[in-house]
Amino acid sequence: MADVLKLRLPATSANLGPGFDALGLAMDFALEIEAREADRFSITSTGRNTAQTGDVDDSLVLETYRSVLDGQGIEAVPLHLDLHNEIPLGMGCGSSAAALVAGVMLASHFGGLGWSKHKVLTEASLREGHPDNVAACVLGGLTVSLMTAEGEVDALSIQPPVDWPLLVMMPDSSLSTKKARAMLPESYSKADTIANVQRVAMLTAAFAQGRGDLLALAMEDRMHQPYRSPACPLLPLLQPMAGNHGVLGVALSGAGPSVLLILESGSEDAAKEAVGKILSENGMNAEAVETKIFRDLM
Ligand SMILES: Nc1ncnc2c1ncn2[C@@H]1O[C@H](COP(=O)(O)OP(=O)(O)O)[C@@H](O)[C@H]1O
Ligand SMILES: N[C@@H](CCOP(=O)(O)O)C(=O)O
């Protein structure tokens, strides 16, 4: 029987407000790949952004697969990928992290590296440059992660005791993470730093204890959202919803431009209606993706 590897790499919402480059939340829509050895590299692609995800010559998945094996001095056997992608590219939902994790896992499997989950986490995080999306993609749930200047990476997953519904609002145009990172300042004031340290600590504890009442305050951020807001017009419109209409907390999803709303169970319709009203009053369009926390471990 042919050797087939099946992967389901979840979308991720990084930062959650104050947890810049540290927190990530796995969401229940994904990049799915079925891979098998073949005579030449090829991809069959369905779902979102097929022009890019199906382009063999511009595939972050295959580029990563080849590059990892090249680094190990192993020849990359050609693969055929049956790919179905539900993660929009450049929308702040971790498409690049999912593609990198996929590439590393393909290399581990078809190159016979037998890498551990921790090694996959480390390799993909170093390639991404920050560990927050990759950690949530590899471990599921809410993840806390760190990366040292020497290239050590570690992460832990917290499984919140409640299943808060998630609403991701995606605007029409994308924003690359590289551009969004270039919008940030080099340093921060003592007051802003203290405010973020307090909130990210509170947010992590609120997830661990299922304290939805704390999310509105704990998801405030002074490190990246204020600087990215001009390129992410949904954020200033939707942020004031935190604490109203069943919306527990609001944050830029990753580097944006999408916005993540964490909802109280049962408030999905009221929240969507309120969001729709705000958008139409402001002449804005956005796609609403309803999802939930992805908890299954690989
Ligand atoms: N499945 C994929 N195939 C090819 N390229 C991809 C894939 N997923 C992500 N990419 C690349 O990553 C870029 C998006 O990454 P990034 O700017 O970090 O945004 P995000 O990770 O939030 O979607 C895309 O423009 C594309 O170049
Ligand atoms: N911490 C990173 C997260 C980027 O997430 P993405 O999904 O937008 O790639 C950042 O904020 O730059």
Side-chain angles (χ1 to χ4, degrees), residues 7-27 29-33 35 41 43-67 79 81-106 124-125 127-137 143-147 155 168 170-171 173-185 196 200 221-229 231-232 235 251-260 289:
L7 300 172
R8 184 171 194 267
L9 290 320
T12 49
S13 186
N15 304 323
L16 295 164
F20 182 72
D21 278 3
L23 296 185
L25 187 65
M27 303 186 285
F29 53 104
L31 169 66
E32 295 174 356
I33 294 178
F41 284 103
I43 305 176
T44 317
S45 179
T46 58
R48 292 185 188 255
N49 304 96
T50 47
Q52 185 148 14
T53 60
D55 184 350
V56 182
D57 299 320
D58 191 21
S59 165
L60 186 56
V61 177
L62 289 179
E63 182 193 314
T64 306
Y65 165 70
R66 289 195 195 95
S67 159
L79 298 178
L81 307 185
D82 265 322
L83 181 153
H84 179 71
N85 179 43
E86 295 172 341
I87 312 174
L89 271 52
M91 280 291 171
C93 296
S95 74
S96 53
L100 289 167
V101 172
V104 174
M105 293 187 74
L106 291 175
S125 297
R127 285 167 185 271
E128 177 96 312
H130 47 91
D132 42 353
N133 299 91
V134 168
C137 184
T143 50
V144 294
S145 54
L146 63 78
M147 186 159 89
V168 186
M170 302 175 180
S173 47
S174 61
L175 172 67
S176 84
T177 302
K178 195 172 170 197
K179 265 195 197 158
R181 289 181 86 81
M183 299 177 86
L184 306 184
N196 262 56
V200 75
D221 164 65
R222 297 199 202 174
M223 287 189 86
H224 71 109
Q225 293 187 171
Y227 305 99
R228 289 168 162 174
S229 208
C232 303
L235 183 64
L252 199 61
S253 186
S258 298
V259 170
L260 170 74
V289 173

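Note that the structure is predicted; figures quoted are calculated from it, not measured. Ligands are counted one by one from 1 in listed order, and the atoms in each one are counted from 1 as well.
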So which heavy atom in the protein is nearest [atom], and how far is it from that ligand atom?
| atom | answer |
| --- | --- |
| atom 9 (O) of ligand 2 | Thr177 OG1, 2.8 Å |
| atom 7 (O) of ligand 2 | Gly94 N, 3.0 Å |
| atom 8 (O) of ligand 2 | Ala255 N, 2.9 Å |

For [X], which part has a heavy atom under 4.0 Å from ligand 2: side chain, backbone, both, or neither?
| X | result |
| --- | --- |
| Ser95 | neither |
| Asp132 | side chain |
| Gln225 | neither |

By number and element, which atoms of ligand 2 are closer than 4.0 Å to a non-hydrogen atom of [X]?
| X | value |
| --- | --- |
| Asp21 | 1 (N), 2 (C), 10 (C) |
| Ala14 | 3 (C) |
| Arg181 | 1 (N), 2 (C), 10 (C), 12 (O) |

> Is His130 near ligand 2, meaning one of its heavy atoms is under 4.0 Å from it?
Replying inline: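 His130 counts as a contact of ligand 2 under the 4.0 Å cut-off.
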Please identify which atoms of ligand 1 are closer than 4.0 Å to at least one heavy atom of [X].
| X | value |
| --- | --- |
| Ala99 | 7 (C), 8 (N) |
| Cys93 | 22 (O) |
| Ser176 | 17 (O) |
| Ser96 | 9 (C), 12 (O), 15 (O), 16 (P), 18 (O), 21 (O) |
| Gly92 | 22 (O) |

> Hey, does the side chain of Asp132 reach the backbone of Ala14 with a donor-acceptor pair shorter than 3.5 angstrom?
Replying inline: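 Answer holds: no.
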> Does any N or O in the side chain of Ser253 come within less than 3.5 Å of the main-chain N or O of Gly256, such that one atom is a donor and the other an acceptor?
Replying inline: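 No: the side chain of Ser253 does not pair with the backbone of Gly256.
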>> With a 4.0 Å cut-off on N to O distance, would you call Asp221 and Arg228 a salt bridge?
In response: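 No.
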>> Checking the N or O distance criterion of under 3.5 Å, is ligand 2 in contact with Gly256?
In response: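 Looking only at distances, the answer is no, because the N/O contact criterion of under 3.5 Å is not met.
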>> I'd like the name of whichever of Asn133, Leu89, Leu23 reaches closest to atom 3 (C) of ligand 2 through any heavy atom.
In response: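 Checking each option, the heavy atom nearest atom 3 (C) of ligand 2 is found in Asn133.
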>> Strictly inside 4.0 angstrom of atom 4 (C) of ligand 1, do you find any protein heavy atom?
In response: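 Yes, there is one.
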> Any non-hydrogen atom of Gly94 lying under 4.0 Å from ligand 1?
Replying inline: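 Gly94: in contact with ligand 1 (<4.0 Å).
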>> Tell me whether Leu89 reaches ligand 1 (any heavy atom closer than 4.0 angstrom to a ligand atom).
In response: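 Within the 4.0 Å threshold, so yes.
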> Taking non-hydrogen atoms only, is Asp58 closer than 4.0 angstrom to ligand 1 via side chain, backbone, both or neither?
Replying inline: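 It is the backbone that touches ligand 1; the side chain stays farther off.
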